[in-house]
Amino acid sequence: MNEIYYVIVVPIFFGLLGFLINRLRTELDLVAFLLTLFYAIRIFIDTRTQIISYNVASFIGIDFRFYADSLAGFIVLFNAIFAILIWLYSLRAMSKTPRERVYYLYVALTLSAANGVVLSGNLIFLLLFWNVLVFSLYGLLQVGKVYSAPAARKAITIIGVSDYVMMLGIVIFFVKTGSINFPLDTKVLFTDVWLIVSYLMILVGVLAKLGTVPMHTWIPEAAKVVPASTLAYLPGSLDKLLGFYLLMRLSYYIFDISKYVPLQLTLMIIGSITIIFMALMALWQKEAQRMLAFSTVSQAGYMLLGVGTGIPIAIAGALFHMLNNVIYKSALFLSTGAVEYRTKTTNLDSLGGLGVKMPVTLFAFVVAALAISGVPPLNGFYSKWMIYQGIIETSSTINIWFVFLICAMFGSILTLAYNLKLMHSIFLGERPKELNKVREARFEMVVPALLLALVCIVFGIFAQAVPLKYLILPSVVYDIGEIGFWSPTLATLLIIVGIVVGIVVYLFGTVMKPRRTRVYVGGEILDEESARITGPNFYSSIDSVDMLKKTYDFGEGGAFDFYNFLHGAASGVAILSRDVLDRLITSLYRVFGKIVTMFGKLTSLLHTGELYNYVGWIFLGGIIILLILVF
Amino acid sequence: MIGFDFFLDQYGIFLSIIFVFIGLMSLIYGLATVREKGHRLEFYLMLLLIIGSGVGVALSYNLLLIYVLWEVSTFAVWRAVGYYRGAGEISASSFTFLVNFAAATVMLVGLMILYVDNGTFNLFKISVISDTAAVLILIGILTKSVTIPLHIWLAPAYEAIPSAIGGSLAGIAENLGAVLFLRLFTMGHYAAPAFFNTVAWIAILSSIIGGGVALRANKLRTLLAFSTVSQLGFIILAFAVGGTYGLLGGVLYIAAHALAKSGLFYGVGVIEESTGKDDLRNVACLLRLSPVLAVSMALLIGSIVGFFPMLGFFSKLTVIIGAVEKTAYFGVGAIVAAVFTLLYSTRFYHELFFGPQCDVQKLRAKRPSYVGIAVSFVLALVSLLLGVFFYQPVHYLVSGGI
């Protein structure tokens, strides 16, 4: 099966060629992405019916082999699709930016490595490609709108540390079980405490890639400084695809966590915390990309929650939700990117009323925003619904299932709330004067977002007939059975309640149509511009709750930042090493040196330079030698 | 007792090739940068002595010959550190020589005990290693391979040495201790689990503390010195845990670290020469000085940190597999040390090459030396190629064993 090679080699080969021959770059990149898409489709079709696997090399007890089953085929297909969409968007958005050439090289490299991760046949081989992704992520983040090096440093530190932990987990797994090739003959059970540790260690790497709490902090940091395409490409789509792939592979193909409740609970708790806290953080933001970054993190919590249930329908739901999230989150990133391209800002305070000027972008944005909030009949509704149903089904094994359900529902409400805020601030409300000349963005920039929005609708209305039937269910090896979509269950009802509450929050928080009167300040008539009501203060009533506000300020200040903890701990050890231990050792050497010097001075006292003295010493020595010889 | 007792095996040949290659790079860089009229020839003599003794130790099976070559290396490093003849350089070189010589004397006592016990210096005929001899020899090894608390000579030596020969110090001379450990203790003559476990823990602690100091260090060369301390800890750890993976990982790690660290040394040399500054806090925005240097330093640091396309990845992976095979706690320790490596490496790289207002400020620097950049780039490229095609060296190293 040569296709497996090709999807890894083709992007980086043509990408490198395009990097070297700058004049033909666009053509070469087009060839790269189309060829990759072609081979990815072939892999996808092949893996529907069979499993592809073969060895490349094996030595020192480690096999280097490729392996593709239906799950891998699915992920590879979407890797290729998203790469091509982002590339299309970047053609206009990134053109004539300073480090354009390097940007495209990294995009190609990322695609190669991502395909490698998905198609590798064991965890150690996977680690190789996983490491390449660190390089390419670092490189992509360095290509920033503004000075982005600190964000890149933060990202590489967090991802690097989690990679190390994951590497140790894989090594422990390798040493304890011996066989690591997919598919394993029997799933590994959690019999040994080191196996549990190894699962958790690999999970750290997975969570860092998915971007859940507490390893998410580089994403909002990066959102401030890098272009929308980078955000849509890595934290938005490919990272989610890969993180989810490995989460599935780990939890249900290598291990089987459905037989071990504590780990299920771990996943679900991390998932719930991620959903709620990150949605709250998103609600607070005053900058579009940063808000979307928090939203990306928050949505990853749903995937974790779904996988954690161990119920087939929720696992399928999590996979579907991952796909949906990648679709609508990319659409959101790309449409805010289009807005930024025209207005040169993503600050919500200086935006507003662009709906009339940019109708296509508005359409894509609204569809995606409603989909992410789980409004039927869009795709986000179905995937969330499947996850809810799974949570309800865990009631026999997990006592506190309703807590997770409530978290998931409440997260949904918050999602609707911050998306309405975003929509209002950018597209509705009053338009600042300086934005009056804004036009619709260029064709190449609008098309990807529009396509993705249409997919949201199709995947929603024909959820059962198209995505679930052809994409999701064949990719999950479990027998899902009948999915009764329209059965009047508790979940459907709760979703509708959620939406109603969301709308109430919206109505409560805003004034639908601003009342126009003249505003006087100290007798002066204020002009309309400075009296303009902007979106970001939508939920400013939160400000009045003192404790919440303090928590927010802490969060924004980085008090809950894993990166800061890591640096704090490391600095502690560093101070101890340098200022205590190293200094102690140095002074010990000094003391030793002093003793030697003192001894030297002592002996030099005996050598006064007078002849009688030396003659005396010679005699003394002679007597001692005589004595030794005699006895 | 002593003669030209050399033998060839995979490890020896592999290490010799790496050492000679690093020496060649030193020579090229030296030709371009060392311009002192009076004692220029001394530079080349000492460089050749360092290379020769490195290759000799890697290929010899006579312990006394190894000792003699070891002392030749100490002598050459002494002269090299004091090459510039300033007061600081002379004091640093004397210090280096004294510490190394004292430790070598202790080691010699250990070797004598070994000779008395076995009646031979031939590595292959040694059957008994007493605990006293093992500990005494270990002191010599740990001093040469800068393991805390015997690392004390390295930072002054790094600060004083000309950067051209510093690459060889980092790439060749320091590794002799690890090579002797490989030859003497891992061939199955000596089986004392307590000894090896203690050495492993010393190596891990040394690696963590070295990383910690490097995280706080501000002088470029001090940072490199403590980075070396932290990396050599991994090598000693690898040989202490032994096994197929441990030995393979250790040898690969020597190669990866030697290539990367000497490349970094030349990079730092270029930076110091062109900006005239040697403190991390005074240097920034060097990306504008030379993007090629930035790329090659990024690759070299990637190799030290151990990310895949570089050779450093596979060596770190095999070391950790070897460590976990003994006990998973070694693995945890090694990962903590690796985290420190990552932290000080990113700090080093970012403070050097980036800065908040690089576009506005004027960079005050001379044109960098192209030879230095080229040498560091070649080393980065070799690390990259060995890393991508890691099958070749690994296959070569495991095909026959010792």
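As the structure is a computational prediction, the values presented were derived from the model and not from experiment.
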Exercise for review: Kindly indicate whether the side chain of A/Phe174, heavy atoms from C-beta on, has any atom under 4.5 Å from the side chain of B/Glu325.
Suggested key: no
Between B/His151 and A/Ile585, is there a side-chain heavy-atom distance shorter than 4.5 Å? yes
Under 4.5 Å to a heavy atom of chain B? For A/Ala570 that would be both
Stepwise ring pair (Phe, Tyr, Trp, His ring centres under 6.0 Å) test for B/His350 and A/Tyr138: CA-CA 12 Å; B/His350 274 256; A/Tyr138 180 71; 5.7 Å; yes
If one checks every heavy atom of B/Phe226 against chain A at 4.5 Å, the contacting part turns out to be side chain
Whatever's closer than 4.5 Å to a heavy atom in chain A on B/Thr318 counts as side chain
Would you say that B/Leu150 contacts A/Tyr589 through its side chain, given a criterion of any heavy-atom pair below 4.5 Å between the two side chains? yes
Beyond-backbone contact of B/Ile152 with A/Leu588, side-chain heavy atoms, under 4.5 angstrom: no
Cut-off 4.5 Å, heavy atoms of chain B, and the answer for A/Val161 is both
Applying a strict 4.5 Å limit to non-hydrogen atoms, the region of B/Val394 in contact with chain A is side chain
Of B/Ile209, B/Ile208, B/Leu215, the one forming a side-chain contact (heavy atoms from CB on, under 4.5 Å) with A/Ser577 is B/Ile209
inquiry  = When you compare the side chain of A/Tyr164 with that of B/Val336, does any pair of heavy atoms fall below 4.5 Å?
reply    = no
Applying a strict 4.5 Å limit to non-hydrogen atoms, the region of B/Phe307 in contact with chain A is both
query: Considering only heavy atoms from C-beta outward, does the side chain of B/Tyr245 approach that of A/Ile62 to under 4.5 Å?
result: yes
When the 4.5 angstrom heavy-atom criterion is applied to A/Leu584 and chain B, the contacting part is neither
message = Aromatic contact between A/Trp194 and B/Tyr329, with the criterion being ring centroids under 6.0 Å apart: yes or no?
response = yes
